[in-house]
Amino acid sequence: MKKIYICFLALISLPLFSKEDSESYFISPSSFDLVYNGIYPISNVASSFFPNDIFENRIEKVKYLSELDSFYYAYKDFLPKIEFVYFEKDYDIIFYFDENNKFYFSSSKKYIENRDFTPSLYFYPKSNKNLNQLRFSKFFYQHDKESQFFHLIYGKNPKEIKDNLVDVNIFGRVLPFNSKNGASENLKKAIDEIEYISKTDDKVKEWIKSIKVIFTYMNRKIDRTDRTSIHSFGIAVDFIPKNNKKQIYWLWSRIFFKEWWSVKDEDRYQIPSEVVSIFEKYGFSWGGKWKRFDIMHFEYRPDLTNNRFYF
């Protein structure tokens, strides 16, 4: 048995093909669940297929493969086909929902006209550091196309999104959240864990008591833009506090502070780091880490909060 096990490990460590003359290679994750979802991660496939010299250095390749794994494991159940393309130093990874909906992996390219890109994997390391050490930018490649991607995951239109909503008890308030891709289930887990630690953590207990309004699903645009809000997909939750005199949202702060991005930590609304860590554990990113800060806001983005390498 030991010899068979060793031989099997040796087999899966080999490249799946010769890449010298390869121009395109397809995998179907649903047909190879064991291989591509556990034993042989998708980053190994990409590493075997793409030559090292298309990357600036080894660090860039490791970063790229890390982001690929993070994205893939967040949405793999919706992707029947993935294509790897390499030709004359140019390279792409293409995720297919079906023959009519394909998205180029956003980490591999800068914006190219007439291409649909996967949602941006912006810089989001999980951490309990102070806010002034964590103010990262949030950006978009093509927000309309990013919305199109989320529609294919969470509902193709408002009616379908509403049909996918289920009730979640959030600190005593029953609110709708999308059931697709584990969103509502992970929200439930996060809330249960926060409530559990609040029994022994006074900061967390006081934070829960301080919440005045919670809202989740709302079909709307982002304030003062034509861009679709992530709330429209039912995968975001906002916690608005009572009697708040701190800065909580960059757009509101801009009215009073010309340099709103430099508002000091002590002047910003605070959410206990334990709460942020639990939400991140279950696939939620926090708007308090954005340069355009939205401290009350958490959104379900497991592609951002899966383990990734940062340099």
Side-chain angles (χ1 to χ4, degrees), residues 37-38 70-71 73-78 119 124-131 134 150 153-155 161-218 229-244 246 248-249 268-290 293-308:
N37 294 338
S70 183
F71 180 85
Y73 287 112
Y75 303 112
K76 61 184 176 61
D77 293 340
F78 299 86
Y124 188 91
K126 294 182 287 186
S127 173
N128 288 330
K129 295 178 182 179
N130 292 331
L131 277 176
L134 288 171
F150 287 132
I153 299 286
Y154 298 107
I161 290 171
K162 285 185 178 180
D163 289 343
N164 291 333
L165 299 177
V166 297
D167 288 340
V168 179
N169 189 319
I170 307 175
F171 306 135
R173 297 137 166 115
V174 178
L175 297 164
F177 214 75
N178 204 302
S179 61
K180 291 294 185 180
N181 201 34
S184 61
E185 188 59 33
N186 279 290
L187 177 59
K188 290 177 185 177
K189 290 178 180 178
I191 297 303
D192 286 347
E193 190 164 329
I194 292 167
E195 287 185 324
Y196 178 78
I197 70 166
S198 72
K199 296 175 183 178
T200 56
D201 190 314
D202 289 340
K203 285 191 302 182
V204 175
K205 183 189 296 184
E206 289 303 312
W207 175 72
I208 294 173
K209 288 171 60 177
S210 75
I211 298 169
K212 180 179 181 180
V213 177
I214 303 174
F215 81 84
T216 52
Y217 170 75
M218 184 177 291
S229 167
I230 203 84
H231 284 279
S232 298
F233 301 100
I235 56 171
V237 55
D238 284 4
F239 300 97
I240 303 174
K242 306 171 186 174
N243 305 319
N244 177 53
K246 301 281 188 177
I248 193 170
Y249 180 40
R268 296 190 185 206
Y269 174 62
Q270 299 293 324
I271 291 180
S273 60
E274 294 82 2
V275 171
V276 174
S277 293
I278 289 170
F279 268 111
E280 290 176 340
K281 174 181 175 182
Y282 292 105
F284 289 80
S285 62
W286 177 45
K289 292 185 178 179
W290 304 337
F293 58 89
D294 191 352
I295 299 173
M296 59 188 165
H297 179 89
F298 292 88
E299 61 186 44
Y300 187 64
R301 286 292 304 271
D303 48 331
L304 297 175
T305 57
N306 285 344
N307 291 329
R308 289 158 59 191

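All values below come from the heavy atoms of this structure, side chains included, with hydrogens, waters and symmetry mates left out. For reference, positions follow the sequence shown, starting with 1.
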Going through the checks in order, is the side-chain contact (heavy atoms from CB on, under 4.5 Å) test met by K189 and I278? CA-CA 9 Å; K189 290 178 180 178; I278 289 170; over 6 Å; no
Are the side chain of K126 and the backbone of T305 linked by a donor-acceptor contact shorter than 3.5 Å? yes
Working to the nearest 0.5 Å, report the span between CZ of F279 and CD1 of I271. 8.0 Å
With heavy-atom distances below 4.5 Å as the criterion, would you say the side chains of I240 and F215 are in contact? yes
Rounded to the nearest 0.5 Å, how far apart are CZ of F233 and CE of M218? 15.0 Å
Geometric cation-pi criterion, K162 with Y217: 6.0 Å, 45°: no
Side chain proximity check, K199 to K205, heavy atoms < 4.5 angstrom: no
Grab the two heavy atoms, one from P272 and one from K203, that are nearest each other, plus how far apart they are. CG-O, 3.8 Å
E299 side chain to H297 backbone, donor-acceptor under 3.5 Å: no
Under a 4.5 Å cut-off applied to non-hydrogen side-chain atoms, are L187 and Y282 in contact? no
Looking at side-chain heavy atoms only, is the closest gap between F177 and D167 below 4.5 Å? no
May I have the step-by-step check of side-chain contact (heavy atoms from CB on, under 4.5 Å) for I170 and V237, ending in yes or no? CA-CA 10 Å; I170 307 175; V237 55; 4.3 Å; yes
Which residue pairs pass the side-chain hydrogen bond (donor to acceptor under 3.5 Å, both in side chains) test with at least one member in residues 176-188, sequence neighbours excluded? Y154-N181, N186-Y300
What do you reckon, is NZ of K246 surrounded by more than 12 foreign heavy atoms closer than 6.0 Å? yes
Would a 4.5 Å heavy-atom cut-off, applied to side chains only, mark I194 and I208 as touching? yes
Identify the heavy atoms of M296 and I248 that sit nearest to each other, and give their distance. CB-CD1, 3.7 Å
For residues F150 and R301, report the shortest heavy-atom separation together with the two atoms involved. CZ-CD, 3.7 Å
Quick one: does any side-chain atom of T216 pair with a main-chain N or O of P176 as donor and acceptor, under 3.5 Å? yes
Which atoms form the tightest heavy-atom contact between Y269 and S210, and what is the distance? OH-OG, 4.1 Å
S70 and P302 have their tightest heavy-atom pair at OG-O, 4.1 Å
Minimum heavy-atom distance between N164 and G155, given as atom pair plus value: ND2-CA, 3.9 Å
Side chains of I230 and I235: closer than 4.5 Å at any heavy-atom pair? yes
Between S277 and E274, is there a donor-acceptor pair closer than 3.5 Å when you use the side chain of the first and the backbone of the second? no
Any donor-acceptor pair under 3.5 Å from W286 side chain to I295 backbone: yes
Are F298 and F284 close enough that their ring centres sit under 6.0 Å apart? no
Does the side chain of L175 come within less than 4.5 Å of I214's, by heavy atoms? yes
Could you walk me through whether D238 and H231 pass the side-chain contact (heavy atoms from CB on, under 4.5 Å) test, one step at a time? CA-CA 9 Å; D238 284 4; H231 284 279; 3.2 Å; yes
Is any side-chain heavy atom of V204 closer than 4.5 Å to one of V275? yes
Do the side chain of K242 and the main chain of K209 share a donor and acceptor less than 3.5 angstrom apart? yes
